[in-house]
Amino acid sequence: MLEVRQLCKSYGGRQVLSPVSFVLPPGQCLGLAGSNGSGKSTLLRLMAQIERPDGGEILFEGRSVLGDRRFLRSTLGYVPQSAELARELTVGQQLKLWQSACALSGPLPGWVLELLGLEPLLAKPIGALSGGMSQRVSIALALLARPRLLLMDEATAGLDRDYIPRLLEWLEGFLAGGGSLVWCSHRQEELERLCGAVLRLEDGRLAAP
C-alpha cells in the first residue's frame with residue numbers, strides 16, 4: 001500500500017503544492033485531475049523523487065521510501081509528462097542503460113517491446129524519433145523492471161493512436177494483478193475507465209469533491 005502524507009512544495013517562497021495526503025491500496029488506480037498548472041505534475045515529480053518535497057512523507061508497505069534508490073529502481077515506474085530521453089543514444093541503448101541501472105540482466109523483455117512496438121526502433125537514434133515514438137520509449141522505461149507502483153503523467157498525450165487502447169488494456173491487467181497506479185489525465189473517459197477515485201487539484205490545493 002502507498003501512503004502519501006502531507007507532501008508539499010514551494011518555489012521561490014510561493015507554495016505550488018499545499019500539503020496533500022492519500023492512501024492507495026494494491027490493485028487500485030487513483031486519478032489526478034485539474035487544469036494546467038494545478039499541481040498535478042509537481043505531485044507526481046515529488047512522488048517519483050525527481051524533486052525533493054519541502055515536507056511530508058511517502059510510505060510503501062508501511063516504510064518510508066524517501067531517498068530509497070532500490071525502491072525507485074525496482075518497485076516504482078514513472079512516466080513524466082514530457083519524455084526525458086538521451087537524444088544521442090539509440091532506442092536500444094536507452095533501454096539497456098535503464099535496465100542496467102535497475103540491476104537487470106539479459107535481453108530486453110520481449111513483452112515490453114511487443115506491447116509498445118519497439119522492436120523495429122531499437123537501432124534508431126532517440127533524436128530522430130517522432131513525439132509518439134518517444135512517448136512509447138518513455139513508457140517502456142517505466143515498465144522494464146515490472147514495477148508494482150506506476151506513476152503516469154498524461155501518458156496517452158501524444159502517444160500514437162493505435163497504442164492507446166493497448167496501453168489501457170495492459171494497465172487494467174496490471175491493476176487486476178495487484179499493481180497500483182496513479183494516473184494523471186485530462187481525458188475524462190480514461191479516468192472513468194481506470195480509476196476507483198479521483199483527486200482534483202486547483203492552484204496546488206485539493207479541491208472539494
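We use all heavy atoms of the structure for the numbers below, so side chains are in, but hydrogens, waters and symmetry mates are not.
Here the straight-line distance linking atom CG of Leu72 with atom CE of Met47 works out to 11.5 Å at 0.5 Å rounding. Between Leu144 atom CG and Lys96 atom NZ the span is 9.5 Å, to the nearest 0.5 Å. Within the model, atoms CG of Leu44 and OH of Tyr78 stand 6.0 Å from one another, a figure rounded to the nearest 0.5 Å. Between the CG atom of Leu149 and the CG atom of Leu76 there is a distance of 4.5 Å, given to the nearest 0.5 Å. A distance of 15.5 Å separates OG in Ser138 from CE in Met133, rounded to the nearest 0.5 Å. Here the CD1-CD distance, from Ile58 to Gln6, works out to 13.0 Å after rounding to the nearest 0.5 Å.
For Gln99 against Pro109, the heavy-atom pair with the smallest separation is NE2-CD, 3.9 Å. Across Cys29 and Leu175, no two heavy atoms sit closer than the pair CB-CD1, 3.8 Å. Leu113 and Leu95 get closest at one heavy-atom pair: CD2-CD1, 4.0 Å. Taking all atoms of both residues into account, the shortest heavy-atom contact from Cys184 to Lys40 is SG-CE, 3.4 Å. Between Glu154 and Gln135 the shortest heavy-atom distance is O-NE2, 3.5 Å. In plain terms, the two heavy atoms of Val79 and Ala155 that are nearest each other are CG1-CB, 4.3 Å.
A donor atom on one side chain and an acceptor atom on the other are not found under 3.5 Å apart for Arg5 and Ser21. For the residue pair Ser180 / Arg148, no side-chain donor-acceptor distance below 3.5 Å is found, with atom types taken as modelled. Side-chain contact annotation: Tyr11 with Glu51, donor-acceptor N/O pair under 3.5 Å present. With hydrogens and angles left out, the side-chain atoms of Ser185 and Glu190 include a donor and acceptor closer than 3.5 Å.
Taking the side chain as every heavy atom from C-beta outward, Leu129 and Val137 approach each other to under 4.5 Å. A heavy-atom distance below 4.5 Å is found between the side chains of Leu115 and Leu143. Side-chain contact between Leu168 and Trp183: present, with at least one pair of heavy atoms (C-beta onward) separated by less than 4.5 Å. A 4.5 Å side-chain heavy-atom check between Leu104 and Trp98 finds every atom pair outside the cut-off.
Classified by interplanar angle (parallel below 30°, tilted 30° to 60°, perpendicular above 60°), the ring pair Trp170/Trp111 is parallel.
The hydrophobic cluster containing Leu151 also contains Leu7, counting ILVMFWY residues as joined when their side-chain heavy atoms lie under 4.5 angstrom apart, directly or transitively. Under a hydrophobic-cluster definition in which Ile, Leu, Val, Met, Phe, Trp and Tyr are linked whenever side-chain heavy atoms come within less than 4.5 Å, directly or via other members, Met152 and Leu194 are assigned to the same cluster.
Residues Arg136 and Asp160 are paired through a salt bridge, judged by an N-O separation under 4.0 Å between the basic side chain and the carboxylate. Comment: Arg63 engages Asp68 in a salt bridge, judged by a side-chain N to carboxylate O separation of less than 4.0 angstrom.
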